[in-house]
Amino acid sequence: MSDDQRLDCVEDTVVPQNEEVRGGANSDDLQAHLSSLVSEHIDNLSHNLNSFTEGVKNTVYDDDELEFQVGFVRSHINHSLSSLAQEITTAVHNANTGHQDAHIEFAEQVEQMKRNNSKFLLAISRMNDIRGTKDNVDENILENSAQLASKSAKAGVELGAKQVCDDTEYWKQSAQEFEESLKLQSEIMQQQKAQLAKNEKDIHLFTARYQAMVEELAAAKGNIQVICRIKPGGADEDLITFTNPDEGHRFLPWSNLRATYQNDSNRTESRDFEFQRAFGNGESNETIFNEVKDFAHSAALGNACTIMAYGATGTGKSHTFLSENGLVNSYIDLLFNLAAEERGKYEYEFYLSAIEIYLNKVFDLLLTPVNRQKVEVKLGAESNLKLDSQQQAIEIIKHTIERRESASTKQNETSSRSHFVLSLRIVRKMVGETPTSGVMNFLDTCGSERAGRNLSSGTPSPQEALIFEQGRDINESLLDLGKSIRSVATGVSPRGRGYL
Ligand SMILES: Nc1ncnc2c1ncn2[C@@H]1O[C@H](COP(=O)(O)OP(=O)(O)OP(=O)(O)O)[C@@H](O)[C@H]1O
């Protein structure tokens, strides 16, 4: 077989068509595909022929062998050409089929587009219809709105007018109701005013009655009341015993007391005493206060009350009056509480003065400077300090007690050496009324003592001499006080020194 024959064969099988390869591929693609198929086969064949030619050149074949080789080459070429023809046929077939598919698809698409077009046309015509309807509706709305507006305006005016009428009626009614309630209120006020006036009258009446009762009570108890307090466990307890000869009446107006003791001739003696009240058995300061607290009300109503502690040295006068829970602090507490209770009705003012009588001289303990130098005053010219609070009152009283003259004696470690007078003035005011001014005086005398009891044998020391002098002066002043009290009680001036 020659090269030309081979080429002819190849050329016969090539189908040079400008068709698409597969569904949708164009003729350029098909042509390119076919060319590549053909050149692939030609390359293959030419390679095999070259190998064959080389083999023939280099090998010495006999005829049979040569014929066999040529037959082999021929069958190879035939096989290659028929496979090429087969591939070309398939490619062209595929291309035709693809083209037909594409054509059918295109026709379907055209059909679909036509259908869409008619739908689109239908939609446009519907849209036009809707637009027309909307225009109509718009026109209707405009027309109705205009009508509605004109109707509303008319109705609004009518409604407004009605509202004004209603409001006027409502306000008229309210004004009437208000006037009626005003009338009622003013009637109630008048009634209340009358009640107030009556209450005020009642208060005056009540106050007057209360005052009268306080005075009656004081009168019933006696203008001067004598209360006895026996110090428990005193130094003389073994020498003197107190009994109540009238057990059944111990706490009734009269409280009798029998003192039994050894007289100077060593004989047992008894003396009976009469008191409004006698305390013993370690009764507390609070119990004593309960007995005498009514004086506070009397002083608040404008009376002058004096509570005086009198007794032998060391028997508990200062303890009863001036200790922390003593009478003075309890009175201060009661009076300040009374002022707080009556605030709004009455205004209270409290003034304090504190003096001591020491060796026959009067000293103002409120004027005492920090260096404790006492300031002597004439009786009645002592300072009066306005008290702002209960706490302040208690503090000041505590300081005045500290400034009071005291000394350690054989009977009492802290014996008061001066008479101490604390005055609490109570001013009570009520609007439209003359203020009342009462006073609570607390007098803590120094205790009487047996002359010479504080002296040791031999020459007395200056301190002993002073205590002796104080004791003498104390006894003298107590005697004078006794005379003065008796003079008040009997109305007869004492003879001799003429104190009253
Ligand atoms: N009822 C009592 N209960 C307990 N202790 C008391 C009582 N009475 C007095 N005392 C105590 O006895 C001592 C002397 O009392 P206080 O100083 O009060 O006596 P006094 O009568 O004031 O003496 P003086 O006249 O010498 O000043 C104090 O220590 C006091 O605390």
Side-chain angles (χ1 to χ4, degrees), residues 226-242 244 250-251 255 257 259 273 275 277-293 306-331 354-360 363 365 374 397-422 441-455 463-482 485:
V226 184
I227 292 167
C228 171
R229 183 181 198 188
I230 302 161
K231 179 182 166 186
D236 292 334
E237 202 172 35
D238 47 343
L239 301 177
I240 184 164
T241 52
F242 294 97
N244 178 10
R250 183 168 179 184
F251 299 115
S255 179
L257 201 67
F273 298 92
F275 300 104
R277 184 81 164 77
F279 293 99
N281 305 324
E283 277 164 302
S284 66
N285 278 348
E286 284 81 9
T287 312
I288 314 290
F289 177 65
N290 268 337
E291 180 67 23
V292 295
K293 67 180 178 191
T306 299
I307 301 189
M308 186 181 93
Y310 174 88
T313 182
T315 49
K317 300 179 293 294
S318 302
H319 174 80
T320 307
F321 264 37
L322 305 174
S323 57
E324 214 169 305
N325 65 351
L327 297 191
V328 169
N329 279 354
S330 297
Y331 269 106
I355 59 164
E356 70 171 348
I357 304 162
Y358 176 62
L359 294 177
N360 255 331
F363 295 93
L365 294 173
K374 291 171 191 290
I397 291 167
K398 196 171 154 207
H399 289 309
T400 60
I401 295 167
E402 283 165 7
R403 283 167 189 166
R404 186 183 175 190
E405 206 63 48
S406 73
S408 175
T409 67
K410 287 194 173 158
Q411 289 90 54
N412 187 356
E413 228 177 76
T414 50
S415 177
S416 310
R417 312 311 286 163
S418 68
H419 302 300
F420 178 65
V421 186
L422 199 73
N441 293 312
F442 301 93
L443 167 58
D444 180 20
T445 62
C446 7
S448 55
E449 45 196 47
R450 284 199 174 171
R453 216 175 179 187
N454 286 311
L455 284 178
Q463 179 64 16
E464 280 179 333
L466 177 65
I467 288 177
F468 179 75
E469 192 197 343
Q470 288 170 343
R472 199 190 53 210
D473 191 76
I474 289 166
N475 285 348
E476 263 181 31
S477 65
L478 287 172
L479 274 174
D480 287 342
L481 180 67
I485 292 171

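None of these values were measured; they are calculated from a predicted model. Ligands are counted one by one from 1 in listed order, and the atoms in each one are counted from 1 as well.
- No hydrogens or angles considered: a donor-acceptor pair under 3.5 Å links the side chains of N285 and S323.
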Run I230 and F279 through side chain to side chain contact (heavy atoms under 4.5 Å, CB included) and show every step you take.
CA-CA 6 Å; I230 302 161; F279 293 99; over 6 Å; no
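- Atoms of ligand 1 found under 4.0 Å from any heavy atom of T313 (numbered from 1 in listed order, with element): 23 (O), 24 (P), 25 (O), 26 (O).
- The distance criterion of under 3.5 Å between nitrogen or oxygen atoms is not met by T445 with respect to ligand 1.
- Residues satisfying the side-chain contact (heavy atoms from CB on, under 4.5 Å) test with S477, not counting sequence neighbours, are H419.
- The N/O atoms of D444, backbone and side chain alike, include none that comes under 3.5 Å of an N/O atom in ligand 1.
- No donor-acceptor pair closer than 3.5 Å links the side chain of K317 to the backbone N or O of C446.
- Across the listed options R404, K317, H319, K317 owns the non-hydrogen atom lying nearest to atom 25 (O) of ligand 1.
- Within the 4.0 Å heavy-atom shell around ligand 1 one does not find G311.
- Salt bridge present: D444 and R404 bring a charged side-chain N and a carboxylate O closer than 4.0 Å.
- Of the N or O atoms in G316, one or more lie within a sub-3.5 Å distance of an N or O in ligand 1.
- In this view, F442 and Y331 satisfy the ring-ring contact (aromatic ring centres under 6.0 Å, His included) rule, not counting sequence neighbours.
- Contact of the V421 side chain with the E356 side chain is not registered, since no non-hydrogen atoms from C-beta on lie closer than 4.5 Å.
- Using a 4.0 Å cutoff on heavy atoms, R417 does not count as a contact of ligand 1.
- With a 4.0 Å cut-off on non-hydrogen atoms, C446 touches ligand 1 through its backbone and not its side chain.
- Considering each of K231, H419, E283, the one bringing a non-hydrogen atom nearest atom 11 (C) of ligand 1 is K231.
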